[in-house]
Amino acid sequence: MRATPEIPAVDDLPGLHGAVLSWFDEHARDLPWRGVDASPWSVMVSEFMLQQTPVARVLPVHATWLETWPTPAALAAASTGDAVRAWGRLGYPRRALRLHAAATAIVAEHGGEVPRSYEDLIALPGIGDYTAAAIASFAHGQRHVVLDTNVRRVIARVAAGQELPPRSVTAAERALAASLLPDAPADAATWNVGLMELGALVCSVASPACERCPVLDRCAWAAAGRPAYDGPARVAQTYAGTDRQCRGRLLAVVRDAEGPVALSTLEAAWAIADQRDRCLASLVEDGLLARVGPASYALP
DNA sequence: TAAACGTGGAC
DNA sequence: TGTCCAAGTTT
């Protein structure tokens, strides 16, 4: 049992809420999954695609995806290979598989409707704490703490006076976020998306535009003179030469081909034999690729 | 808990 | 040019 973490006080919560809500009303981007006519499915698809992927790259794929598969049932009726191909170059293609699996589960267990409860949502493949809370909040107007990288950074700065949040979500951080959440569900939902938008457009990691910030005069970090992050250094992720790069390249060859691809073609795409073989096997294992002949591969 | 998991734009 | 990193989840 741990002591209750200290929660920094915010003296004028209604004022803070008002500033963020007004700013969002004025400056929010007009994104398709935010429209009044956006379906819960549209929101759900956007949340899958936006996991670790910038909005600008999601936009066209999301539009095509919704045209092709307007409902969970439509996606569930397609092959996983079609989903992987439509996913294109968004990255982390296992998300396409998980979205397909989630759609299948929605048809099987929820009558084809995107579930409303956090518990039902987080039980679906590819949905963790953030995505479950985001769908419950944005698609269904429920009151949930939504902790994404933007919300975490904004709260760390405004309320905790830190440049960056901890490496992983802490109890103190969650308690602080909960203490800031507006009471009315509709306001809570707008607060969540407003904080995300603020983090994306103004309160960025590297060069925050404090002069455009609606809560500058309420920001603990700004008041403290924007002290640099003093926590443990973040590990830089390497990419060149990794299995991830190898897998990406191999999958791209098959994804961009018309039909099955000969093993020799894949061999030509990656020089290091043992790494290539390992990655090919893992792609098949993951269900991203299928071996369709003695020496040929295709999307599943 | 840490590491794996894609991709491409920005600086 | 190389590093950073963008609405995370899974194991």
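The figures that follow rest on heavy atoms only: side chains count, while hydrogens, waters and symmetry mates do not. Computed from a prediction, not measured in an experiment: that's the story for all the values here. Naming convention: chains lettered A, B, ... in sequence-line order (proteins, then strands); numbering from 1 in each chain.
- Around the CD atom of A:Glu211, the shell of radius 6.0 Å holds more than 12 heavy atoms that belong to other residues, nucleotides or ligands.
- Near DNA chain C, meaning a heavy atom under 4.0 Å away, the residues from residues 126-158 of chain A are A:Gly126, A:Ile127, A:Gly128, A:Asp129, A:Tyr130, A:Thr131, A:Asp148, A:Thr149, A:Asn150.
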Side-chain atoms of residues 276-283 of chain A: list all donor-acceptor pairs with protein atoms under 3.5 Å, sequence neighbours left out, distances to 0.1 Å.
| residue | atom | partner | partner atom | Å |
| --- | --- | --- | --- | --- |
| A:Arg276 | NE | A:Trp270 | O | 3.1 |
| A:Arg276 | NH2 | A:Trp270 | O | 3.2 |
| A:Arg278 | NE | A:Asp243 | OD2 | 3.0 |
| A:Arg278 | NH2 | A:Asp243 | OD1 | 2.7 |
| A:Arg278 | NH2 | A:Asp243 | OD2 | 3.3 |
| A:Ser282 | OG | A:Arg247 | NH1 | 2.8 |
| A:Ser282 | OG | A:Cys279 | O | 2.9 |

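- Nucleotides of DNA chain C nearest to A:Ile122 and A:Leu50 differ in position, and the one nearer the 5' end is that of A:Leu50.
- Here the range on DNA chain C touched by chain A, meaning any atom under 4.0 Å from one of its heavy atoms, is C:dC4 to C:dT10.
- Contacts between residues 53-62 of chain A and DNA chain B, counted as heavy-atom distances below 4.0 Å, involve A:Thr53, A:Arg57.
- The same atom, P, is picked in C:dA7 and in B:dC11; the two are 15 Å apart, to the nearest Å.
- Counting only residues at least two apart or in different chains, side-chain hydrogen bond (donor to acceptor under 3.5 Å, both in side chains) contacts with residues 251-263 of chain A are absent.
- Base engagement by A:Trp33 is indicated by at least one non-hydrogen atom pair under 4.0 Å involving a base atom.
- Under the 4.5 Å side-chain heavy-atom criterion for Ile, Leu, Val, Met, Phe, Trp and Tyr, A:Trp65 and A:Val43 are members of distinct hydrophobic clusters.
- Distance CZ/A:Arg98 to CD1/A:Ile127: 11.5 Å, rounded to 0.5 Å.
- Among the protein residues, A:Arg34 comes within range of the nucleic acid bases, having at least one heavy atom under 4.0 Å from a base atom.
- More than 12 heavy atoms of other shown residues, nucleotides or ligands fall within 6.0 angstrom of atom CZ in A:Arg218.
- A:Leu288 approaches A:Leu251 most closely through the heavy-atom pair O-CD1, 3.7 Å.
- Under the ring-ring contact (aromatic ring centres under 6.0 Å, His included) criterion, A:Trp191 pairs with A:His17, sequence neighbours left out.
- The main-chain N or O of A:Pro227 is found under 3.5 Å from a side-chain atom of A:Trp221 such that the two form a donor-acceptor pair.
- Among residue pairs with one or both ends in residues 105-124 of chain A, those qualifying as ring pair (Phe, Tyr, Trp, His ring centres under 6.0 Å) are A:Tyr118-A:His144; sequence neighbours excluded.
- Using a 4.0 Å cutoff on non-hydrogen atoms, no part of residues 20-30 of chain A comes near DNA chain B.
- Every side-chain contact (heavy atoms from CB on, under 4.5 Å) that A:Thr170 has, sequence neighbours left out, goes to A:Pro166, A:Ala172, A:Glu173.
- For DNA chain B, the contact window with chain A, defined by any atom under 4.0 Å from a protein heavy atom, covers B:dC5 to B:dG8 in 5' to 3' order.
- Listed by first and then second residue, the ring pair (Phe, Tyr, Trp, His ring centres under 6.0 Å) pairs that reach into residues 197-218 of chain A come to none, sequence neighbours excluded.
- Note on A:Arg244: a base of the nucleic acid sits closer than 4.0 angstrom, heavy atoms only.
- Sorted by first and then second residue, the ring pair (Phe, Tyr, Trp, His ring centres under 6.0 Å) pairs with a member in residues 156-181 of chain A form an empty list; sequence neighbours excluded.
- The backbone N or O of A:Cys203 sits less than 3.5 Å from a side-chain atom of A:Arg153, completing a donor-acceptor pair.
- Along DNA chain B, the nucleotide nearest to A:Ser207 and the one nearest to A:Arg167 differ in position, and the one closer to the 5' end is contacted by A:Arg167.
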*Could you walk me through whether A:His140 and A:Ser117 pass the side chain to side chain donor-acceptor pair (under 3.5 Å) test, one step at a time?*
CA-CA 9 Å; A:His140 300 306; A:Ser117 77; over 6 Å; no
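- Checked against A:Asn192 for a side chain to side chain contact (heavy atoms under 4.5 Å, CB included), the options A:Asp148, A:Leu181, A:Val151, A:Asp187 give a single hit: A:Leu181.
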